[in-house]
Protein chains: 2
Amino acid sequence: MNAKEKALVEAKANVLKALGHPTRLWMAEQLADGEKCVCELVENIDADFSTVSKHLSILKQAGVVIDEKRGKQVYYRLKVPCILQFMPCIEAVIQATAQTHIDLMK
Amino acid sequence: MNAKEKALVEAKANVLKALGHPTRLWMAEQLADGEKCVCELVENIDADFSTVSKHLSILKQAGVVIDEKRGKQVYYRLKVPCILQFMPCIEAVIQATAQTHIDLMK
DNA sequence: AAAACGTTTGGTTGTTTTACCAAATAAGAA
DNA sequence: TTCTTATTTGGTAAAACAACCAAACGTTTT
């Protein structure tokens with residue numbers, strides 16, 4: 001593996017890692033329906049405002065979302081919506097894994 | 001978000017997290033061509049045998065790979081190959097992100 | 001049975017991540 | 001201008017992760 005390949009795999013892993021946290025994945029899924037302000041996301045999750053903000057900044061630096069300030073609020077939306085297309089496959093992984101997990105799909 | 005939804009998003013995040021490490025992502029990509037034994041993976045990467053083994057066990061517990069012992073060797077293969085289908089999208093995220101990253105694709 | 005091989009496991013240490021709190025900032029309302 | 005409101009930033013402590021080494025394990029080979 002040369003330096004360029006290494007840098008590429010690191011960059012890709014970084015995107016997956018950004019999505020690899022329940023709160024961040026949930027947020028990305030929320031944004032599938034369209035942009036949301038931070039306050040809307042905070043409302044629907046049991047977490048501190050600052051925690052949510054930090055998670056969003058991780059998604060942002062990974063290139064998953066972009067933000068736009070309008071008035072007092074900051075709106076986030078998916079930058080590259082295709083990232084949610086692989087959820088069915090992820091669910092297939094879970095399905096294939098353990099009996100206890102299969103229940104999650106029902 | 002109820003308990004079941006929460007458990008599902010956690011399970012999905014766990015799969016993404018497993019792939020969210022350069023070494024593990026690289027391994028998963030290697031396995032796209034077919035099964036490999038641990039030694040073959042170790043050979044092609046600059047890491048300790050035990051480190052590789054631990055990464056593989058993380059991929060295994062996430063449901064990404066399965067292993068099979070044959071003789072002295074343990075062979076790993078992708079359990080649900082579709083997980084590599086989303087690499088083009090991940091690359092699109094990288095493309096869309098920063099000028100410096102675009103070079104990685106060339 | 002002993003030695004060698006391929007792999008996993010346990011332990012340790014340093015690094016990273018996470019969550020919360022408090023303080024700072026920026027914009028709109030009073 | 002002062003006062004909220006919405007969000008980010010900085011700090012800190014606890015938990016999780018990663019890499020290496022050494023030891024243990026299960027198979028084959030001798």
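Remember, it's a predicted structure, so these values are computed and weren't measured experimentally. Proteins get letters first, then strands, A, B, ... in listed order; numbering begins at 1 in each.
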Original post:
Got a salt bridge between A/Glu10 and A/Lys12, using NZ or NE/NH1/NH2 to carboxylate O under 4.0 Å?
Top reply: no
Original post:
For the pair made of CZ in A/Phe49 and C1' in C/dA23, what is the distance, rounded to whole Å?
Top reply: 16 Å
**OP:** Verify, without hydrogens or angle tests, whether A/Lys79 (side chain) and B/Ala96 (backbone) share a donor-acceptor contact under 3.5 angstrom.
**Re:** yes
Subject >> Value in whole Å for how far the P atom of C/dA27 lies from CG of A/Asp67 >> reply: 13 Å
**OP:** Please state how far atom CG in B/Asp48 lies from atom C1' in D/dA23, giving the value in whole angstrom units.
**Re:** 13 Å
**OP:** Might you point out which heavy atoms bring B/Ala18 and B/Ala62 nearest each other, and give the distance in Å?
**Re:** CB-CB, 3.5 Å
Original post:
Could you give the CD1-to-P distance, from A/Ile45 to C/dA19, as a whole number of Å?
Top reply: 9 Å
Subject >> OP1 or OP2 of D/dC17 under 4.0 Å from side-chain N/O of B/His55 >> reply: no
Original post:
Is the shortest side-chain N/O distance from A/Thr51 to OP1 or OP2 of C/dA19 below 4.0 Å?
Top reply: no
Subject >> Phosphate contact (D/dA16 OP1 or OP2) by A/His21 side-chain N/O below 4.0 Å >> reply: no
Subject >> Between C/dT18 (P) and A/Trp26 (CH2): distance, integer Å >> reply: 17 Å
Original post:
Any donor-acceptor pair under 3.5 Å joining the side chain of B/Lys54 to the base of C/dG11?
Top reply: yes
**OP:** Calculate the interatomic distance between B/Asn14 atom CG and C/dT17 atom P; express it in whole Å.
**Re:** 17 Å
Original post:
Rounded to the nearest Å, what distance is computed from the NZ atom of residue A/Lys60 to the P atom of nucleotide D/dT7?
Top reply: 13 Å
**OP:** State which of C/dA27, D/dT7, C/dT18 makes the closest approach to the side chain of A/Ile58.
**Re:** C/dT18
**OP:** Starting at atom CG of A/Leu16, determine the distance to atom C1' of D/dC17, rounded to an integer number of angstrom.
**Re:** 17 Å
Original post:
Is any side-chain heavy atom of A/Leu25 closer than 4.5 Å to a side-chain heavy atom of A/Met87?
Top reply: yes
Original post:
Among D/dG10, C/dG6, D/dC20, which nucleotide sits nearest the side chain of A/Ser50?
Top reply: D/dG10
**OP:** Nearest-nucleotide wise, let me know which of A/Lys72 and B/Arg70 is further upstream toward the 5' end of DNA chain D.
**Re:** A/Lys72
Original post:
Closer to the 5' end of DNA chain C via nearest nucleotide, is it A/Thr23 or B/Tyr76?
Top reply: B/Tyr76
**OP:** Check A/Leu41 against A/Trp26 and note the closest heavy-atom contact, atom names and distance.
**Re:** O-CH2, 3.7 Å
Original post:
For A/Gly20 and B/Glu40, take the nucleotide of DNA chain C holding the closest heavy atom to each; which residue's nucleotide lies nearer the 5' end?
Top reply: B/Glu40
